[in-house]
Colleague: 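Sending over a structure as structure tokens; questions will come in a sec.
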2 protein chains.
Amino acid sequence: MRSEAGSLDRTVEDRLAEVGQRYTAHRRSLIAALAAAKRPLAIADLLTVLRGVPQSSAYRNLGVLEEAGIVRRVITEGDYARFELDEGLTAHHHHLVCENCGRVEDVEIPGTFERSIDRTLERLARDAGFATVGHRLDLIGRCRSCA
Amino acid sequence: MRSEAGSLDRTVEDRLAEVGQRYTAHRRSLIAALAAAKRPLAIADLLTVLRGVPQSSAYRNLGVLEEAGIVRRVITEGDYARFELDEGLTAHHHHLVCENCGRVEDVEIPGTFERSIDRTLERLARDAGFATVGHRLDLIGRCRSCA
DNA sequence: CTTCCTGCAAAAGTTTTGCATTAAC
DNA sequence: GTTAATGCAAAACTTTTGCAGGAAG
């Protein structure tokens, strides 16, 4: 988990280099936008903030960043995908999802609780013949505006 | 939570009637297929089982059933939606999601653990100004075939 | 100078919708 | 008889891809 902007850029650049990819201007602005948001952003959000980036470039770059393990595609309720920085670059967290407007916010839960979840799920997965990689815990509810 | 087939049909019929909808043959077979599966089914799965039902009818009927609170749309990793009976008609459960092949299976977790999750999330949601409706806890991993 | 990135336009894939017809109540 | 459901085809929408030109190392 790195918090300074310079450190983040260096990490991203290194990971891209490992897979023979460059850290271009488009990619820098995508990363900056995702790092500044406290929630996963949809392509539409990104295109608004990053005026001048064609949709196809945004998709293609997010695809590259995803394969490099830098960005994660978040599937929620809506019709389109949202993107956030991978957990290796941020803190492990969960999402508050508004069932009415689709808004998604990040939220962290206590570490002890997190470990308790992991232990329980690990056992359940083993019983079911699954190799656990992680979990996804979202809160579904109504945000302030939609309550 | 009702388990007998007859009781399920009656419940579905009643709920549809409440919103001025009919319990037709297509809808009966959709419900039967969903009730028989131990996992959320994609449209493609349903169309295979229910030979002769046009895709548009399946989508339209699932939409009606969803609005009536009978069926729930499950968003996982893949590109298309999956459907399952609403929790009012089955038991509360979670999903094992294979990150490789997209397979999804139902899994239940201990009641005490479930309640502990609910308590913790309720508090977090309140702090964030969210009215909690429920939670979604999925295990992400690799299934037997993909391990 | 070779490899990767960009931008446009076109294609692909899933889901929704308009409309005339048929079935349910 | 009214109202809702069906089936077909067409549309809408998000996401992916082909390709020619441009930038980066």
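Order of the sequence lines fixes the chain letters, A, B, ..., with proteins taken first and strands second; residue numbering starts at 1 for each chain. Below, all heavy atoms of this structure are taken into account, side chains as well, without hydrogens, waters or symmetry copies.
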Colleague: Side chain of His135(B), backbone of Leu139(A): donor and acceptor closer than 3.5 Å?
Modeller: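 Here the side-chain-to-backbone pair does not exist.
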Colleague: Mapping Tyr23(B) and Gln21(A) onto DNA chain C by nearest heavy atom, which one lands closer to the 5' end?
Modeller: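 First, find each residue's nearest nucleotide; the 5'-ward one identifies Gln21(A).
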Colleague: Heavy atoms only, 4.0 Å cut-off, all strands: where does Gln55(A) land among base, sugar-phosphate and nothing?
Modeller: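 Here Gln55(A) touches the bases of the nucleic acid.
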Colleague: With the 4.5 Å side-chain cut-off for hydrophobic clustering, are Leu96(A) and Val104(A) part of the same group?
Modeller: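 Different hydrophobic clusters.
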Colleague: For Arg72(A), run the side chain to side chain donor-acceptor pair (under 3.5 Å) check against Glu84(A), Glu66(A), Glu87(A) and tell me which one passes.
Modeller: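 Single side chain to side chain donor-acceptor pair (under 3.5 Å) partner of Arg72(A) among Glu84(A), Glu66(A), Glu87(A): Glu84(A).
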Colleague: Output the residues of residues 79-86 of chain A in contact with DNA chain C, where contact means a heavy atom of the residue under 4.0 Å from an atom of the strand; sort by number or write none.
Modeller: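 Correct list: empty, so none.
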Colleague: Through what angle, rounded to 10 degrees, does the axis of the helix from dC1(C)-dG25(D) to dC25(C)-dG1(D) turn between its ends, using five pairs per end?
Modeller: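 The end-segment axes of the helix from dC1(C)-dG25(D) to dC25(C)-dG1(D) are tilted 30° relative to each other.
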Colleague: With a 3.5 Å cut-off and sequence neighbours excluded, list the donor-acceptor pairs that the side chains of residues 56-65 of chain B form with protein atoms.
Modeller:
from	atom 1	to	atom 2	distance (Å)
Asn61(B)	OD1	Arg27(B)	NE	2.7
Asn61(B)	OD1	Arg27(B)	NH2	3.2
Asn61(B)	ND2	Ser57(B)	O	3.1

Colleague: Residues in side-chain hydrogen bond (donor to acceptor under 3.5 Å, both in side chains) with Glu67(A), at least two apart?
Modeller: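 side-chain hydrogen bond (donor to acceptor under 3.5 Å, both in side chains) check on Glu67(A) returns nothing, list empty.
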Colleague: Take atom CG of Leu50(B) and atom C1' of dT6(D), then tell me their distance rounded to the nearest Å.
Modeller: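 Spelled out: CG on Leu50(B) to C1' on dT6(D) is 15 Å.
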Colleague: Heavy atoms, side chains only, cut-off 4.5 Å: are Leu16(B) and Ile70(B) in contact?
Modeller: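 Side chain of Leu16(B) against side chain of Ile70(B), heavy atoms only: contact under 4.5 Å found.
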Colleague: From CD of Glu13(A) over to P of dG25(D), roughly how many Å is that when rounded to an integer?
Modeller: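 From Glu13(A) CD to dG25(D) P: 8 Å.
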Colleague: Output the rounded distance in Å from CG (Asn61(B)) to C1' (dA23(C)).
Modeller: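 Distance, rounded to whole Å: 13 Å.
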Colleague: Under the rule for side chain to side chain contact (heavy atoms under 4.5 Å, CB included), what residues qualify as partners of Glu108(A), not counting sequence neighbours?
Modeller: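 Side chain to side chain contact (heavy atoms under 4.5 Å, CB included) list for Glu108(A), sorted by chain: Ala91(A), His93(A).
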Colleague: Tell me if a side-chain donor or acceptor on Thr120(A) pairs with a main-chain N or O of Ser116(A) at a distance below 3.5 Å.
Modeller: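 Flag set: sc Thr120(A) to bb Ser116(A) pair under 3.5 Å.
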Colleague: Between dT6(D) and Arg22(B), is there an OP1 or OP2 to side-chain N/O distance shorter than 4.0 Å?
Modeller: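 Checking Arg22(B) against dT6(D): no side-chain N or O falls below 4.0 Å of OP1 or OP2.
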Colleague: Under 4.0 Å between any heavy atoms, over every strand shown, what does Gly63(A) touch: base, sugar-phosphate, or nothing? Just pick one.
Modeller: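 Since no nucleic acid heavy atom lies under 4.0 Å of Gly63(A), the category is nothing.
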Colleague: Identify, with sequence neighbours excluded, every residue that meets side chain to side chain contact (heavy atoms under 4.5 Å, CB included) alongside Asp138(B).
Modeller: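 Per chain and number, Asp138(B) pairs via side chain to side chain contact (heavy atoms under 4.5 Å, CB included) with Arg136(A), His95(B), Val97(B), Arg136(B), Ile140(B).
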Colleague: Not counting sequence neighbours, list each pair that qualifies as a salt bridge (Lys or Arg N to Asp or Glu O under 4.0 Å) and has a residue in residues 111-125 of chain A.
Modeller: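 Checked against salt bridge (Lys or Arg N to Asp or Glu O under 4.0 Å) - neighbours excluded - no pair reaches residues 111-125 of chain A.
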Colleague: Taking atom C1' of dT14(D) as reference, at what distance in whole Å does atom CG of Asp45(A) sit?
Modeller: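 One finds 14 Å between C1' of dT14(D) and CG of Asp45(A), rounded.
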Colleague: Taking the side chain as C-beta and beyond, is there a heavy-atom pair between Cys143(A) and Cys101(A) under 4.5 Å?
Modeller: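 A side-chain contact exists here, since the closest heavy-atom pair is under 4.5 Å.
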Colleague: How would you summarise protein contacts on nucleotides 7-12 of chain C per nucleotide, using B for base, S for sugar-phosphate only and - for none, with heavy-atom distances below 4.0 Å?
Modeller: BBB---
Colleague: Starting from C1' on dC25(C), measure out to CZ on Arg27(B) and report it in whole angstrom.
Modeller: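 After rounding, the gap between these two atoms is 13 Å.
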Colleague: Check side chain to side chain contact (heavy atoms under 4.5 Å, CB included) between Glu13(B) and all other residues, then give those that pass, not counting sequence neighbours.
Modeller: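 Side chain to side chain contact (heavy atoms under 4.5 Å, CB included) list for Glu13(B), sorted by chain: Tyr23(B), Arg28(B).
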Colleague: Quick one, which residues of residues 67-76 of chain A touch DNA chain C with a heavy atom under 4.0 Å?
Modeller: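 Correct list: empty, so none.
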Colleague: Is there any salt bridge (Lys or Arg N to Asp or Glu O under 4.0 Å) pair reaching into residues 88-105 of chain A, and which pairs are they, with sequence neighbours excluded?
Modeller: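 Output for this query lists Glu99(A)-Arg142(A), Arg103(A)-Glu105(A).
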Colleague: Is Tyr59(A) close enough to dT16(D) that one of its side-chain N or O atoms is under 4.0 Å from OP1 or OP2 there?
Modeller: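 Checking dT16(D) against Tyr59(A), no side-chain N or O comes under 4.0 Å of OP1 or OP2.
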Colleague: How many whole angstroms separate atom CG of Leu62(A) from atom C1' of dC5(C)?
Modeller: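 After rounding, the reported distance stands at 15 Å.
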Colleague: Could you list the donor-acceptor pairs under 3.5 angstrom formed between side-chain atoms of residues 32-50 of chain A and any protein atom two or more places apart in sequence or on another chain?
Modeller:
from	atom 1	to	atom 2	distance (Å)
Asp45(A)	OD2	Ala42(A)	N	2.9
Thr48(A)	OG1	Ala44(A)	O	2.9

